[in-house]
Enquirer: 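The following block contains the structure, expressed as structure tokens.
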Amino acid sequence: MNKLNEKFKTLKENGEKAFVAYIMGGDGGMERLKTDILFLQESGADIIEIGVPFSDPVADGPVIQEAGLRALEKGTSISLILETLNEIKGDVRVPLILMTYINPVLQYGIEKFAQNSERAQIAGCIFPDLPLEEESLVKEALSKTDIAVIRLASLTSPEERLKGLAEDSEGFIYAVTVKGVTGERAELDAAELEAKISELKTYTTTPVLAGFGISTPSLAKKVLPFCDGVIVGSKIVSAFHHNKREEVNELIKGIKGLALTAK
Amino acid sequence: MTMTSYKMPDQNGKYGVFGGKFVPETLMNAITELEQAYNTIASKDGFQEEFQSLLKNYVGRETPLYFAKRLSEKTGGAKIYLKREDLNHTGAHKINNTLGQALLAKRMGKNKVVAETGAGQHGVATATVCALLDMEAVIFMGEEDIQRQKLNVYRMELLGARVVSVTQGSRTLKDAVNEALRYWVTNIDDTHYIMGSVLGPHPFPQIVRDFQSVIGKETKEQFYTVENKLPDYVVACIGGGSNAMGMFYPFIENEDVSLIGVEAAGKGIQTGFHAASLTKGKKGILHGAYMYLLQSEDGQIQEAHSISAGLDYPGVGPEHSYLMEEGRVEYTSVTDEEALSAFHLLTRAEGIIPALESSHAIAHAVKLAAELPSDSSIVICLSGRGDKDVDTIRKAAEGRTDHE
């Protein structure tokens, strides 16, 4: 059974919602990637999403863009990230997922990417610039592994698209909470999001997680009643970069505490 | 290969393996709507009437096909003709596309547009049609390009557009496209993206090609009227590739006509400081399309270098990528230095100051013409006028360049 499916099964049994922590692979170097993953695991993150830096990240806001540039300056590549994850797989108990724009994967080689991701025990992949129409590019190679291809749903996705991406969905569906790019926001329109996620949930039993713009327990509290978990990125990337690790710990504890009461 | 019934792109927006729609889900609905709107609105009589009437009375089409007698004599060999896109309103071919897309956006009920610009020509052409059609325009432009094209920035502002300086990445055209795409994602409900070249996700490369193909259509008829045949060679410069695609498209099935695209070799193709994506790049995905790109081993996009800001883009549109692999179009490159010589050559020989972009096409065409017999013919797409470049030319003459 895929590690993500196992994780969601356990969470459901315990009446918990998922906390997914996003970090930028290679921001601060490869050693920090290892320590950050283990720190997040200790702090109670259910799933850890590792970003692969790309020179032109059109779905990302300034915090993740800058983290990506820092990582690239340190010489980060898919190859290095997969090697590093492979080295620490014995210590990692939570499912790891990769989030990468498609071009670095294409240049690395899709078959090789699938094989080495499987070796590093990656549970799922998110390709932010690979909509359903183009998914076949990676599907064949990844279907030979146990790695889930995690799809994104948007507030702008009409009924037909939601149905299409719900069908055969794997791992979880990443519901983008805002029309916009990644980054912290003071507010979000929970009503519009609730309608979208509720509709999506009529088409599939695959868990739906909300991400983009969620940075505080109060924002998480607004969305957790109608989704299966949240993904927090920019806030964590920024806290790690400024060496405010305790803030990350508090954030996870804060949101997990909410999640437990949101059953 | 034979291209007697050329029909690209296919229903998935692909040109062979190239093209496609590699964009975030948030943009997919807008792109699908655009495709539907384009397929239903653009062919309708009402749209075409308005578009054709504005092309004629506002843009000033058709543009002349001019026999450059003195240039031909100086060069020796083939007869050289110039398709005078520099005589369009705003001074370049860009307005053929911005006018078409703005009219389309308006009919889709979108009254705001966003665009990227490199040299500023596409930005000016966008700001111009937005003034004409009473639409709001936001233009993203790299900080570096703002520095080297100040006059165009001011023109855009005079026309009522908001110009946003892009300070991310290399601060040039590529980063302006990134920011324009991010802005579009954020303002998707009421905003249309006017893509400036044959780039981006389907249907943009097709829409831009179709609106620009007026260049090739006119050229074909005009040349036939004078010479009673088709030209032997057609030459155009390539940044993203819109003037070339508009020029080449109507000739694709006429296989006796050799089509040549000229990329910017910058300081030299071996130096690493160039913008020759087809000559030196590798296939990859950027800004929504699979195409040839300048990139590292790891798939990180590299900076392009050219003395001409309009060619300073690290990729070439998917249809050009396809036409190269199929062998229908030949792609070559010329250096900054060669383009500068061609700039001076045309200016003195014909009293026409060409854009530095177009000077790349001229440079290759005169090399080619010298080797050809006198009964052969070359048409150059003179994509824009050079007024915007005089400052760069002056600096180059003084031994400085904008790169330094």
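Quantities reported herein were computed from a predicted structural model and do not represent experimental measurements. Each chain gets a letter, A, B and so on, in the order its sequence line appears, and its residues count up from 1.
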Enquirer: Please output the residues of residues 15-30 of chain B in contact with chain A, using a heavy-atom cutoff of under 4.5 Å, in numerical order.
Expert: B:Gly20, B:Lys21, B:Phe22, B:Val23, B:Pro24, B:Glu25, B:Thr26, B:Met28, B:Asn29
Enquirer: Counting only heavy atoms not in B:Phe273, do more than 12 sit closer than 6.0 Å to its CZ atom?
Expert: no
Enquirer: Do you know which of A:Pro104, A:Ala59, A:Pro62 has the most heavy-atom pairs with chain B at a distance under 4.5 angstrom?
Expert: A:Pro104
Enquirer: Could you pull out all residues at least two apart from B:Glu297 that satisfy side-chain contact (heavy atoms from CB on, under 4.5 Å)?
Expert: B:Lys282
Enquirer: If you count the non-hydrogen atoms of other residues, nucleotides and ligands that lie under 6.0 Å from NZ in B:Lys106, is the total more than 12?
Expert: yes
Enquirer: Answer yes or no: does atom CD of A:Glu140 have more than 12 heavy-atom neighbours from other residues, nucleotides or ligands under 6.0 Å?
Expert: no
Enquirer: Working to the nearest 0.5 angstrom, can you tell me the gap between A:Gln65 CD and B:Arg182 CZ?
Expert: 3.5 Å
Enquirer: Rounded to the nearest 0.5 Å, how far does CG of A:Leu72 lie from CG of B:Asp298?
Expert: 8.5 Å
Enquirer: Is chain B contacted by the side chain of A:Leu155, its backbone, both, or neither, given a heavy-atom distance below 4.5 Å?
Expert: neither
Enquirer: Can you confirm whether A:Lys74 is buried at NZ, in the sense that more than 12 heavy atoms of other residues, nucleotides or ligands lie under 6.0 Å from that atom?
Expert: no
Enquirer: Tell me whether B:Glu179 contacts the main-chain N or O of A:Val58 through its side chain, where contact means a donor paired with an acceptor under 3.5 Å.
Expert: no
Enquirer: Can you tell me which portion of A:Pro128 sits under 4.5 Å from chain B's heavy atoms? Options are side chain, backbone, both or neither.
Expert: backbone
Enquirer: Quick check on the interface: out of A:Val181, A:Leu152, A:Leu106, A:Asp56, who has the most heavy-atom pairs with chain B under 4.5 Å?
Expert: A:Asp56
Enquirer: What distance separates A:Glu133 CD from B:Ile31 CD1, expressed to the nearest 0.5 Å?
Expert: 9.5 Å
Enquirer: If you tally heavy-atom pairs under 4.5 Å against chain A, which of B:Ile301, B:Leu293, B:Leu181 wins?
Expert: B:Ile301
Enquirer: How long is the span from the CD atom in B:Glu33 to the OG1 atom in A:Thr156, to the nearest 0.5 Å?
Expert: 9.0 Å
Enquirer: What distance do A:Ser55 atom OG and B:Asn178 atom CG have between them, rounded to the nearest 0.5 Å?
Expert: 8.0 Å
Enquirer: State which residue, out of B:Asp189, B:Val185, B:Thr186, fulfils the side chain to side chain contact (heavy atoms under 4.5 Å, CB included) condition with A:Lys179.
Expert: B:Asp189
Enquirer: Against chain B, label A:Pro57 side chain, backbone, both or neither, depending on which of its atoms sit under 4.5 Å from a heavy atom there.
Expert: both
Enquirer: Which bit of B:Tyr183 is near chain A, if near means a heavy-atom gap under 4.5 Å: side chain, backbone, both or neither?
Expert: neither
Enquirer: Using heavy-atom distances under 4.5 Å, tell me whether A:Ile102 contacts chain B through its side chain, its backbone, both, or neither.
Expert: side chain
Enquirer: To the nearest 0.5 Å, tell me how far B:Leu286 CG sits from A:Phe54 CZ.
Expert: 5.5 Å
